[in-house]
Amino acid sequence: MAIKRTDGRSLTELRPMIAKVGVIPNADGSAIFSFGDTVAIAAVYGPKQLHPQHMQDPATGILRCTYDLLSFSVHDRKKPGPSRRSQEISKVTEWALSPALDLQGFPNQVVDVQIYVIQADAGTRTAGINAASMALAHAGLPMKDLICSVACGKLDKDIVVDLNKDEEDFKDGEGATDFPLAKFATSDEFTLMQLDGKIQPERVKEVIEAATEACKEIYEVQKKALKEVVKH
Ligand code: UDP
């Protein structure tokens, strides 16, 4: 029998999504994206000259992402400032987004993306990637595609999409497996795959299929939000 999800969703159902662009007027591009109680905000600054100079690449501009959870975003107040976790997520966010950006026209420059999670209920890196992708598009940077991201996984024996924190902590049966993914919106090219937990190799295909379907819904939400600003 299939697992009953803690919030009553079906196995393939995402949490309600909200997306809006242009939420930080001082930034060159900005967006907010939420999966249920997980809310991430992203701001883009640049392209601008990269300092220190030895990090510059004369062949292309580079993307630099900074991710963090704000102290009040979790129930047990999080210590402010960077951590190993935030450094890892900043790096994988950069890797997830970079393939969609074409910064060859900006040699020696950097595009800074700051991502802050203002409320966390699991899936913060994926919400952050969705917000950042929209913010980069809002900044008018040359992009091959939008990037869509979702954490899929396994609860006991069931493949599910968009795990919340209670589900990530699920301990019964085979327990929980968290499998965050990101992909190009309009092709099957994946730019992020991480795995926390265990999964049978033959079931990975099911996760990828579930993520692909979920990303179609995420893309629609991102597109709708971007079209809203074009209208004004
Ligand atoms: N979390 C927390 N305190 C922390 C770090 C994480 O309460 O210092 C919670 C938060 O809800 C987060 C979840 O644990 O969303 C899962 O974190 P994980 O590192 O798996 O990344 P995420 O699923 O957020 O991308």
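Both ligands and their constituent atoms are indexed starting at 1 by order of listing.
Checked for salt-bridge contact, K154 and E174 meet the test: a charged N lies under 4.0 Å from a carboxylate O. Classification of K144 and E189 as a salt-bridged pair fails, no side-chain N sitting under 4.0 Å from a carboxylate O. Salt bridge annotation for E88-R84: absent, with no cationic side-chain nitrogen under 4.0 angstrom from a carboxylate oxygen. For the pair R5 and D166, the salt-bridge criterion is not met [side-chain N within less than 4.0 Å of a carboxylate O]. One finds a salt bridge joining E220 and K223 here, because a Lys/Arg side-chain nitrogen approaches an Asp/Glu carboxylate oxygen to under 4.0 Å.
Comparing heavy-atom distances from atom 13 (C) of ligand 1 across E88, H75, K165 singles out K165 as nearest. Among K79, R85, R77, E168, the residue whose heavy atom lies closest to atom 20 (O) of ligand 1 is E168.
Nearest to atom 25 (O) of ligand 1 among the protein's heavy atoms is R125 NE, 2.8 Å. For atom 5 (C) of ligand 1, the nearest protein heavy atom (residue, atom name, distance) is L69 CD1, 3.5 Å. Of all protein heavy atoms, the one closest to atom 11 (O) of ligand 1 is A122 N, 3.4 Å. Nearest protein heavy-atom contact of atom 24 (O) of ligand 1 is T124 OG1, 2.5 Å. Nearest to atom 10 (C) of ligand 1 among the protein's heavy atoms is A120 CB, 3.7 Å.
With R15 as the partner, the side-chain hydrogen bond (donor to acceptor under 3.5 Å, both in side chains) test is satisfied by one option alone out of D37, D162, N164: D162. Partner of K183 under the side-chain contact (heavy atoms from CB on, under 4.5 Å) criterion, chosen from I218, I147, T212, T191: T212.
By the 4.5 Å heavy-atom criterion applied to side chains, M17 and F35 are counted as neighbours.
Applying the 4.0 Å criterion to heavy atoms of V74 picks out, from ligand 1, the atoms 2 (C), 3 (N), 7 (O). The atoms of ligand 1 that sit less than 4.0 Å from any heavy atom of D121 are 11 (O).
Within the 4.0 Å heavy-atom cutoff, P180 does not count among the residues contacting ligand 1.
In terms of N/O distances under 3.5 Å, ligand 1 is approached by G123.
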